[in-house]
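In the text below, chain A, chain B and the rest are named by the order of the sequence lines, each starting its count at 1.
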There are 4 protein chains.
Amino acid sequence: MKTQQTAEGVARPAGRPRSEKAEKAIVEATLDLLGDGIGVSELSIEAIAARAGVGKTTIYRRWTNKEDLVVDALASLKPPIPLSRGGSVRDDLVTYLRVIREESRHQRTRCIMNIAMTDTERHPRLAERFREIAIKPRREVVLAVLRRGIDSGELRADLDVEVAMGMLSGAIIWHVKWSDPDEEISEDLPERIVDEALKGFRPREA
Amino acid sequence: MKTQQTAEGVARPAGRPRSEKAEKAIVEATLDLLGDGIGVSELSIEAIAARAGVGKTTIYRRWTNKEDLVVDALASLKPPIPLSRGGSVRDDLVTYLRVIREESRHQRTRCIMNIAMTDTERHPRLAERFREIAIKPRREVVLAVLRRGIDSGELRADLDVEVAMGMLSGAIIWHVKWSDPDEEISEDLPERIVDEALKGFRPREA
Amino acid sequence: MKTQQTAEGVARPAGRPRSEKAEKAIVEATLDLLGDGIGVSELSIEAIAARAGVGKTTIYRRWTNKEDLVVDALASLKPPIPLSRGGSVRDDLVTYLRVIREESRHQRTRCIMNIAMTDTERHPRLAERFREIAIKPRREVVLAVLRRGIDSGELRADLDVEVAMGMLSGAIIWHVKWSDPDEEISEDLPERIVDEALKGFRPREA
Amino acid sequence: MKTQQTAEGVARPAGRPRSEKAEKAIVEATLDLLGDGIGVSELSIEAIAARAGVGKTTIYRRWTNKEDLVVDALASLKPPIPLSRGGSVRDDLVTYLRVIREESRHQRTRCIMNIAMTDTERHPRLAERFREIAIKPRREVVLAVLRRGIDSGELRADLDVEVAMGMLSGAIIWHVKWSDPDEEISEDLPERIVDEALKGFRPREA
DNA sequence: ACATAATCGAGACGGTACGTCCCGTCTTGTT
DNA sequence: AACAAGACGGGACGTACCGTCTCGATTATGT
């Protein structure tokens, strides 16, 4: 492929450059459709092209398959860093769990989450990307809170922070996903989880 | 519609009765395909019919849509009751978490689990059924163990058993699904989870 | 392929038989489009399917390529045998040339003729078929007239009927196709051609 | 539009002049492709540009559509004046028909002829141009021969030269195009045509 | 034994989306 | 201003399945 030389000395491929506008429209259309509850399998390139007002070739020129496109679309989402920090460990953890629960109640986030939980097994690259952009930042935040708690003496010095993090995140997700749909999820679930976790299941020995 | 009278006195429609063999073959073919990692969306009636050696009509005559078929197929699975009971609360919980982890390592269970985690949002009836046949029995078992622990004094009398159950189940699932694929999941993860849960995060006050 | 046995003992392929109605609709749509002046190259399977109210597969199931479809479509046209016979040789030949000229003035025939003249080189099978259904019958008719003329003494006994036929048919086509579009083609062209042909170009020797 | 002043005083548009080399390459590429048996409909600007080593814009800048380009390309062909004159009328006519038959046997001429016969209806401007550069000169030549024959007494004084010309040209073309492909076209076809035409179909009266 | 009737397999039906190819237009930096 | 390169929106290609339909053949009973 021939290239052209720009003033900045950066090689550029010859010919008309790819339209950033089109690219954005495609990603946005993808997120829109995903947000409308369309799953990765049901998501059709043709529908994306139509909604983005773009030719199919313009999509295929950039992404060789649907999975890559979805990966990039998800990646374009800013991870809405969920934690306001600075209070007590208990307050921070409660806040964190509340944010997750709130997210799971909003349409777009919910759909994105679904994809994460859902199409992840059939699309390993997607899972990897999701871990990167969604799981990892939250994980770091919780780990930081827990470590801070250990330093300040609020938490046990020998606490297994990995396990603790899994218990907190896992618990809220479990309830959101699997609790009986007839019963309301209690509003104070985050507090209850955090408190039980802090206390431990065993009775205090005299 | 004319009916026929069987010896048992049960009214039966006239004409050739439906083949039980075909029905079984269809359900089996469905589970096979699901077990091969095919998701509900990718699962095609055509493929099921082909693998079952059956005409497509024979499937559509019995189930009006794919979801209903999958529901029935999943229902036909015996819930492999996961808990050997009788030891200490700690032992029982560790055993329970181990069973879940093992299941997640075996092909067929893993795939079924994926479907549960996966296609659940797009197929609400499926989710409901899965809750019925997979979640509920496990939930009951854990709740029973926890209540027994309270009775025996091994656990706090005011323990929130729902929350505790969510923490345990959620923690193991979280780790199985979201832990860094490069790092091995530690073999003693079930023990670590149970121990941290029992102890609580907070240090013992003097 | 499995077959079924009919009462008449004629083997029939299993499954739903192909719809004759669809087949006719496809052929008719093809001729319509061709008659609208669409050439074989411009003719799209998609357009045929749309006009016939038929799925593309229904077309591809029967014809592997466009050319075969056009061949069959043309073949379905009844050759409108152009000659009323029984008069003098001169009258019959004039009638024949008139019919050709008239045909070349009517829309549908004109378009079919165009295809014959046109797409024939790029589509040899089409040419062959056209020769069969359009050229050959006309050729036979003219040859018959000429032979009758020889028998009756109206024409020379040693007349080269092949060449004579070519001169008559070729002359009318040449004029229809290549005469100056500004000048009207004279109404009595058929008579003029026949008369010149009968007389010969050379003057009568004393 | 600004213009520049050449030494010859002819106004010229400002900016880089159009490349004559490119223009020639385009026309040549077009004729090449046409000669390879590609029809006007199948002929793609993309293919022409590629073969000419030229950008598509360079073509579209000069010709607004494919037809115009083909017209110009055909126009660039020198009409290979087909008649050596000077012998008897019979000899001249035989020579003329032979030339046509030979042309129809050579690849490039054959393809050009095909285009004439072929794409003419769908592309009227092309037809007109072809009439100008290919038909008209031949027509004139034959008419001249015939008129010369009348003057010299070789032909009837009242011969309808237009009709006669059509019969001769039409006959050879008819045979070349429509004769049975299994039978060889007889080598002496030109002689046979001319002789029959000269004699007329009717027997000499005593 | 035979008519009745629902089911069976096979496969054609009208559709939708696929990923590819090429169209004619447009938008770059270079000549 | 013209050039080559190549991206753009669009339309048709031929394929793969979709869920529905229509066949003849099969398999039960009820007379």
Requested in this report: Return the 5'-most residue of the pair A/R16, B/R18 with respect to DNA chain E, ranking by each residue's nearest nucleotide.
Outcome: B/R18

Query - Upstream residue (5' side of DNA chain E) when C/A22 and A/P17 are each assigned their closest nucleotide - result: C/A22

Query raised in the report: Which part of the nucleic acid, if any, lies within contact of D/T57, taking any heavy atom under 4.0 Å across all strands shown: a base, the sugar-phosphate backbone alone, or nothing?
Result: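 Base: the residue D/T57, judged by heavy atoms under 4.0 Å, touches a nucleobase.
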
Mind calculating the distance between [atom1] ([X]) and [atom2] ([N]) to the nearest angstrom?
{"X": "C/D68", "N": "F/dG14", "atom1": "CG", "atom2": "C1'", "answer": "15 Å"}
{"X": "B/E67", "N": "F/dG19", "atom1": "CD", "atom2": "C1'", "answer": "16 Å"}
{"X": "D/R61", "N": "F/dA1", "atom1": "CZ", "atom2": "P", "answer": "11 Å"}
{"X": "A/W63", "N": "E/dG19", "atom1": "CH2", "atom2": "P", "answer": "14 Å"}
{"X": "A/I26", "N": "F/dG9", "atom1": "CD1", "atom2": "P", "answer": "7 Å"}
{"X": "A/E42", "N": "E/dA17", "atom1": "CD", "atom2": "P", "answer": "12 Å"}
{"X": "B/Y60", "N": "F/dC17", "atom1": "OH", "atom2": "P", "answer": "13 Å"}
{"X": "D/L33", "N": "E/dC22", "atom1": "CG", "atom2": "P", "answer": "13 Å"}

**Report entry** Any donor-acceptor pair under 3.5 Å from A/K66 side chain to A/I45 backbone
**Finding:**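 Side chain of A/K66 to backbone of A/I45, a donor-acceptor pair under 3.5 Å: no, none is there.
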
**Report entry** Sidechain-backbone polar pair: D/T58 side chain, D/V54 backbone, donor-acceptor under 3.5 Å
**Finding:**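 The answer is no, because no donor-acceptor pair under 3.5 Å joins these two groups.
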
Query - Identified side chain to side chain contact (heavy atoms under 4.5 Å, CB included) partner of A/V70 from the options A/N65, A/I48, A/L34, A/V27 - result: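 For A/V70, the side chain to side chain contact (heavy atoms under 4.5 Å, CB included) check succeeds only for A/L34.
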
**Report entry** Stretch residues 46-56 of chain B: residues that reach within less than 4.0 Å of DNA chain F through a heavy atom
**Finding:**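 Those residues are B/E46, B/K56.
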
Query raised in the report: Is any side-chain heavy atom of A/S44 closer than 4.5 Å to a side-chain heavy atom of A/I38?
Result: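 No. Closest side-chain heavy atoms not under 4.5 Å.
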
Query raised in the report: Would you say the side chain of D/T64 lies within less than 4.5 Å of the side chain of D/D68, judging by non-hydrogen atoms?
Result: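 Result yes, sub-4.5 Å side-chain heavy-atom pair found.
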
Query raised in the report: Below 4.0 angstrom, N of the basic side chain to O of the carboxylate: do B/R62 and B/E23 qualify?
Result: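 Salt bridge present between B/R62 and B/E23.
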
Requested in this report: For C/I45 and for A/E20, find the nucleotide of DNA chain F with the closest heavy atom, then tell me which residue's nucleotide is more 5'.
Outcome: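 The residue closer to the strand's 5' end, by nearest nucleotide, is A/E20.
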
Query - Comparing C/T64 and A/T58 on DNA chain F - which has the more 5′ nearest nucleotide - result: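 Between the two, 5'-proximity favours A/T58.
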
Report task. Apply the test side chain to side chain contact (heavy atoms under 4.5 Å, CB included) to residues B/D32 and B/R51: give CA-CA distance (whole Å), side-chain angles for both, the deciding distance (0.1 Å), then the verdict. Result -> CA-CA 9 Å; B/D32 277 3; B/R51 185 182 275 237; 3.2 Å; yes

Query raised in the report: What nucleotide, of E/dG11, F/dC3, F/dG6, holds the atom closest to the side chain of A/A14?
Result: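 Minimum distance to the A/A14 side chain belongs to F/dG6.
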
